[in-house]
Amino acid sequence: MTKSLRPLRLRVRNELGQMRTLMSGPKQYLRQDAGSGPYLCLGLGPNPTDMCTRLVHDDGLSTPKPKVYYIESEDTLSQWTPSQRAQFMAAIPGDWTRIKPDQITQHHFGRVYAYQHGMSLFPSFWGPLWANLLFPVPTGHITEQSIALVGDAKGLLVQEIHTALHALGLNVHRINPEITHEDLNDLLANARPRLFLSVNFQGFDDHGLLFERLTAANIPCATWCVDNPFHLISRLKAPYWKRLHLFITDSWFLAPLKAHGAEQVYHLPLAVDPSIFHPGHAAPQPSLTAPLFVGRSAFPGKDAFFAGCRVPDNILRHAEDMIRHGTRPDFDWWMSTLGQSSLWPGKTVRTLGFAAETASLSLRTAVLSNVSKHCGLTVIGDEGWHDRLPHGTDLRPPVDYYGALSSFYEHAPITLNLTSLLLPHGLTQRHFDVFASGGLLVTDNTPGLSLFPKDLTHPITFSSPDQAPTTIQRLLAKPSLCTTLREDWKTLLFRDHTYTKRLQTLFDTMSIIFS
């Protein structure tokens with residue numbers, strides 16, 4: 001054993017540039033047995049004596065003692081003072097041998113230990129080593145027609161993607177978003193799918209170990225970002241997301257994501273599921289005589305997500321004035337106005353999101369209030385609308401998205417859409433679902449409408465809140481135009497903008513070819 005030394009209390013700047021104190025103690029080490037052979041230590045922690053204590057606890061004082069190799073991160077060692085490094089090295093038994101990661105294949109290790117805190121400090125260094133040595137790939141075979149899809153039945157887009165994958169003749173392995181390493185072992189042993197597909201980074205852990213395991217198994221990974229992607233990655237504590245195939249519904253994010261290091265990012269818009277949204281999908285709803293709006297006043301968990309975020313009142317008032325004049329204070333505008341160019345790592349990006357979301361609520365409130373006063377309005381949404389909309393607005397509780405909603409769209413005289421300012425060039429599901437259901441849509445003039453022919457978008461768009469009632473009234477005064485728009489939009493959507501088409505684009509982009 002080593003000589004007794006005063007335990008080191010060491011701090012390092014982690015991979016994201018944050019100062020952290022290295023956790024110590026024998027319980028900090030994971031263990032993986034793989035038969036006979038020498039031991040390997042993936043990181044010794046701040047006190048090598050902790051690792052020695054753990055070995056004595058596991059093996060007692062039996063002889064002969066196994067040969068011990070270890071790997072240490074130079075990113076850790078290089079940050080210590082010469083005296084700290086000398087004390088650390090003095091605590092390592094003299095018969096232990098340091099090796100480099102590329103020397104691992106020269107040995108077969110009977111047991112592997114891993115310093116747990118190291119993974120959270122330098123995940124890009126330790127992640128691949130953990131994936132290969134603590135979680136070796138189970139023996140399995142590639143299932144040629146198989147896709148792993150993360151999400152439960154009620155998860156965002158999961159049902160639509162599942163349906164589209166089946167339409168393409170593929171088998172789907174539904175994966176719980178709370179996937180464990182045991183779950184992944186079962187998947188890799190029994191299926192080894194051709195693709196691991198996530199929506200909004202569901203299933204991926206903050207430090208990227210699951211991604212490293214899938215990479216070690218040669219299974220490509222992709223995530224489809226339906227929401228603001230910088231909001232989604234704000235929880236991540238490792239840069240592994242830059243190596244993922246990122247598909248985003250809003251093309252504006254292509255440039256900033258690439259500027260932040262994303263290697264493979266592509267625009268993949270929302271689409272329609274014709275099995276859910278088509279004329280006659282559900283029983284007709286009670287007669288709707290007023291324009292319809294479907295949407296929440298706030299997304300679930302908004303207050304917790306934006307906890308601590310603040311924006312100066314004078315800038316918010318300026319944004320509200322922009323809205324009145326038909327200009328969009330979207331995420332891009334807030335990024336420029338608040339002077340923030342770095343969007344990751346950390347959660348400071350949420351301040352921009354809070355500002356854009358606050359402006360979105362102002363936009364929705366102004367438009368809905370104007371429409372309610374001049375045209376009447378039915379709102380299907382949450383209780384938050386009660387205190388925001390004029391007296392006399394017909395407020396109704398939420399309806400099942402996969403059930404009756406299509407019929408509401410079909411039978412409403414007009415459905416109103418308002419695109420979140422969190423997505424500068426975004427579209428919503430209403431841009432696809434309403435016309436697919438046989439309904440008629442009127443929408444704010446989001447740049448995302450450039451996806452569609454201008455002759456179809458121009459008659460249904462408005463820019464300022466006071467233009468919304470005029471646009472609705474003008475459109476309803478032309479029944480033949482309404483009929484033409486309904487039919488032309490429905491034809492376009494079912495021909496070019498289905499989820500089956502989108503997934504085929506995704507496979508083509510990733511060069512995934514099925515037999």
Minimal non-hydrogen separation, Ala359 against Ile323, with atom names
O-CD1, 3.4 Å
Could you tell me whether Lys67 sits above the aromatic face of Tyr69, with NZ or CZ closer than 6.0 angstrom to the six-membered ring centre and within 45 degrees of the axis?
yes
Is the Phe514 to Phe507 ring centre distance short of 6.0 Å?
yes
Compare every heavy atom of Pro46 with every heavy atom of Met23, then report the nearest pair and how far apart it is.
O-CD, 3.2 Å
After noting the C-alpha distance and the side-chain angles of Asp205 and Arg235, does the key distance pass the salt bridge (Lys or Arg N to Asp or Glu O under 4.0 Å) rule?
CA-CA 9 Å; Asp205 58 283; Arg235 73 167 172 88; over 6 Å; no
Rounded to the nearest 0.5 Å, how far apart are CG of Leu134 and CG of Leu129?
9.0 Å
Quick one: does any side-chain atom of Ser24 pair with a main-chain N or O of Asn47 as donor and acceptor, under 3.5 Å?
no
Any chance you could lay out the side chain to side chain contact (heavy atoms under 4.5 Å, CB included) test for Leu157 and Gln429, step after step, and finish with the verdict?
CA-CA 10 Å; Leu157 287 196; Gln429 276 298 152; 3.7 Å; yes
Any non-hydrogen side-chain atom of Asn132 less than 4.5 Å from a side-chain atom of Ile104?
no
Of Thr348, Thr351, Asp303, which is the lone residue that meets side-chain contact (heavy atoms from CB on, under 4.5 Å) with Cys309?
Thr351
Is the shortest side-chain heavy-atom distance between His173 and Ile147 below 4.5 Å?
no
For Phe247 against Ala222, the heavy-atom pair lying closest together:
CE1-CB, 4.0 Å
Answer with yes or no after comparing the ring centroid distance for His318 and Trp333 against a 6.0 Å cut-off, counting only values under it.
yes
Are Arg243 and Phe211 in a cation-pi setup, meaning NZ or CZ lies under 6.0 angstrom from the ring centre and within 45 degrees of the ring axis?
no
State plainly whether the residues Arg317 and Asp321 are in salt-bridge range, i.e. N to O under 4.0 Å.
no
Is the closest basic N to carboxylate O distance between Glu357 and Arg364 below 4.0 Å?
yes
More than 12 non-hydrogen atoms from neighbouring residues, nucleotides or ligands closer than 6.0 Å to CD on Glu178, yes or no?
no
Beyond-backbone contact of Val349 with Ser234, side-chain heavy atoms, under 4.5 angstrom
yes
Centre-to-centre under 6.0 Å for Phe196 and Phe204, is that the case here?
yes
Is it the case that Asp382 and Ser297 place a side-chain donor and acceptor less than 3.5 Å from each other?
yes
Student check: side-chain heavy atoms of Val68 and Pro38 closer than 4.5 Å:
no
Using 4.0 Å as the upper bound for N to carboxylate O, is an ion pair formed by Arg31 and Asp58?
yes
Salt bridge flag under 4.0 Å for residues Arg328 and Asp444:
yes
Using a 3.5 Å distance criterion without hydrogens, assess whether the side chain of Trp130 forms a donor-acceptor pair with backbone atoms of Ala114.
no
Hey, mind stepping through Trp241 and Phe201 against ring pair (Phe, Tyr, Trp, His ring centres under 6.0 Å) and telling me if it holds?
CA-CA 9 Å; Trp241 62 269; Phe201 288 93; 7.4 Å; no
Close side-chain approach of Trp252 to Leu423, heavy-atom, < 4.5 Å
no
Give a yes or no on whether the backbone of Tyr402 and the side-chain of Asp400 come within a donor-acceptor separation of less than 3.5 Å.
yes
What do you reckon, are the aromatic ring centroids of Phe452 and Phe432 less than 6.0 Å apart?
yes
Are any non-hydrogen side-chain atoms of Thr358 and Val311 less than 4.5 angstrom apart?
no
Just by distance, do the side chain of Arg213 and the backbone of His181 share a donor-acceptor pair under 3.5 Å?
yes
Checking Leu254 against His267 for the side chain to side chain contact (heavy atoms under 4.5 Å, CB included) test, could you report, in this order, the C-alpha distance in whole Å, the side-chain angles of both residues, the deciding distance, and whether it holds?
CA-CA 7 Å; Leu254 288 170; His267 181 214; 4.2 Å; yes
Establish, from distance only, whether the side-chain atoms of Arg502 and His497 form a donor-acceptor pair under 3.5 Å.
yes
Restricting to non-hydrogen atoms, name the atom on Phe331 and the atom on Pro424 that form the minimum distance, rounded to 0.1 Å.
CB-CG, 4.0 Å
Near Lys302 NZ, under 6.0 Å, is it more than 12 heavy atoms from other residues, nucleotides or ligands?
yes
Can you see which heavy atom on Glu160 is nearest to which on Ile276, and at what distance?
CG-CD1, 4.3 Å
Is the closest side-chain heavy-atom distance between Gln28 and Asp50 below 4.5 Å?
no
Using a strict 4.0 Å threshold on nitrogen-to-oxygen distance, state whether Glu74 and Arg98 make a salt bridge.
yes
Within this structure, what is the NZ-CG distance for the pair Lys65 and Asp59, rounded to the nearest 0.5 Å?
10.0 Å
For the pair Ile161 and Val199, evaluate side chain to side chain contact (heavy atoms under 4.5 Å, CB included) and give the outcome as yes or no after the intermediate values.
CA-CA 10 Å; Ile161 294 174; Val199 177; 3.7 Å; yes
Kindly compute the distance separating NE2 (His117) from OG1 (Thr21), expressed to the nearest 0.5 Å.
8.5 Å
Judged by atom type as modelled, is there a donor-acceptor pair below 3.5 Å linking the side chain of His431 to the main-chain atoms of Thr428?
yes
If you look at every heavy atom in Thr446 and His425, which pair is closest and at what distance?
OG1-C, 4.0 Å
Test of ring centre spacing under 6.0 Å for Tyr499 and His162:
no
Which label fits Phe306 and Phe354: parallel for a plane angle under 30°, tilted from 30 to 60°, or perpendicular past 60°?
perpendicular
Can we say Glu72 and Arg85 salt-bridge, meaning some charged N sits less than 4.0 Å from an Asp/Glu carboxylate O?
no
Using distance alone, with no hydrogens and no angle criterion, decide if Thr419 and Asn417 have a side-chain donor and acceptor under 3.5 Å apart.
yes
Residue from Asn14, Leu121, Leu22, Leu10 passing side-chain contact (heavy atoms from CB on, under 4.5 Å) with Thr76
Leu22
Exercise: do Gln79 and Asp75 side chains pair donor with acceptor under 3.5 Å
no
Is there side-chain contact between Leu352 and Leu343, with heavy atoms separated by less than 4.5 Å?
yes
Verify whether one side chain among Asp183 and Thr180 offers a donor that lies under 3.5 Å from an acceptor in the other.
yes
